[in-house]
K.L.:
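Mind looking over this structure? Questions follow.
Positions are given from 1, in the same order as the sequence printed here.
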Amino acid sequence: MGHVRVVARTCPVASLSGVAPLRHNRHVHLVEFSLTKPPNAPDVSADALLGALWAGCEHGDGVEHLRVHAARSGARGVAFLLAPSGASAIEQCRTMCLRALTRSGHLTGWALARPAAV
């Protein structure tokens, strides 16, 4: 699983009442992804890509933060996701990216190059 780096082991929730922080079984994972575009497709700005990716997010995806870099051949990016494991973080990222590609008119003909299916 070379596309996932564990950023934090736990994400405790601070308590204002003095009670011990709550813990959950999801951790923050950094997942790299790449999108490719057809050679004749117009360039898409990083802001438009980021907007399309956020529009592809749903509540259960666990997306905390997205970064994307546009290039002539497509885009590269990273997603910080809350997930119980690296494998589930990859799958969540893959699902979110595919949803964004399906929903966005700016990304017609684009494809997800990685992360690949788990």
Side-chain angles (χ1 to χ4, degrees):
M1 289 189 288
H3 304 299
V4 174
R5 293 185 200 113
V6 176
V7 177
R9 287 282 176 205
T10 60
C11 299
V13 177
S15 172
L16 298 177
S17 65
V19 178
L22 300 173
R23 292 185 182 259
H24 51 76
N25 66 347
R26 298 188 327 162
H27 310 289
V28 178
H29 298 272
L30 173 67
V31 181
E32 298 174 271
F33 61 89
S34 298
L35 306 173
T36 58
K37 69 175 189 161
N40 58 350
D43 289 338
V44 176
S45 72
D47 287 340
L49 285 165
L50 197 56
L53 289 166
W54 277 115
C57 293
E58 292 185 355
H59 178 70
D61 292 338
V63 178
E64 293 288 311
H65 184 70
L66 292 169
R67 296 282 297 173
V68 67
H69 172 74
R72 288 185 186 149
S73 61
R76 293 179 327 157
V78 295
F80 290 84
L81 299 116
L82 285 174
S85 68
S88 61
I90 290 172
E91 188 58 32
Q92 288 167 217
C93 182
R94 182 179 177 278
T95 300
M96 179 265 305
C97 287
L98 290 173
R99 199 180 301 122
L101 292 174
T102 302
R103 292 180 180 174
S104 175
H106 296 297
L107 305 178
T108 302
W110 286 53
L112 178 64
R114 63 175 229 209
V118 177

K.L.:
First locate atom CZ of R76, then atom CD of E32, and finally report the distance between them rounded to the nearest 0.5 Å.
P.N.:
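Going from the CZ atom of R76 to the CD atom of E32 covers 8.0 Å.
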
K.L.:
Which heavy-atom pair separates P115 from F33 by the least distance, and what is that distance?
P.N.:
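Scanning both residues, the minimum pair turns out to be CD-CB, 3.5 Å.
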
K.L.:
How long is the span from the CH2 atom in W110 to the CG atom in L101, to the nearest 0.5 Å?
P.N.:
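Interatomic distance, W110 CH2 to L101 CG, rounded to 0.5 Å: 8.5 Å.
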
K.L.:
Filter on side chain to side chain donor-acceptor pair (under 3.5 Å), then keep only pairs touching residues 33-42, sequence neighbours left out; what's left?
P.N.:
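Found K37-D43.
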
K.L.:
Identify which one of V63, V31, L112, L98 satisfies the side-chain contact (heavy atoms from CB on, under 4.5 Å) criterion when paired with C93.
P.N.:
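It is V31, the one option of V63, V31, L112, L98 that forms the side-chain contact (heavy atoms from CB on, under 4.5 Å) with C93.
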
K.L.:
Please report the interatomic distance OG(S85) to NE2(H29), rounded to the nearest 0.5 Å.
P.N.:
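Reported to 0.5 Å precision, the distance equals 6.0 Å.
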
K.L.:
Output the distance between atom CD (E91) and atom CG (L81), rounded to the nearest 0.5 Å.
P.N.:
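It is 11.5 Å, given to the nearest 0.5 Å.
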
K.L.:
Could you give the distance from CE (M96) to CG (L66), rounded to the nearest 0.5 Å?
P.N.:
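M96 CE to L66 CG: 5.0 Å, rounded to 0.5 Å.
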
K.L.:
What pairs meet the side chain to side chain donor-acceptor pair (under 3.5 Å) rule with one or both residues in residues 60-74, with sequence neighbours excluded?
P.N.:
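Side chain to side chain donor-acceptor pair (under 3.5 Å) check on residues 60-74 returns D61-R99.
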
K.L.:
Ignoring hydrogens and angles, write down the donor-acceptor pairs under 3.5 Å from the side chains of residues 49-59, residues two or more places apart or on other chains.
P.N.:
unit_1, atom_1, unit_2, atom_2, d
E58, OE2, R103, NH2, 2.5

K.L.:
Give a yes or no answer on whether the side chain of Q92 reaches the backbone of G60 with a donor-acceptor pair at less than 3.5 Å.
P.N.:
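Not at all, since once roles are kept as given, no pair shorter than 3.5 Å links the two residues.
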
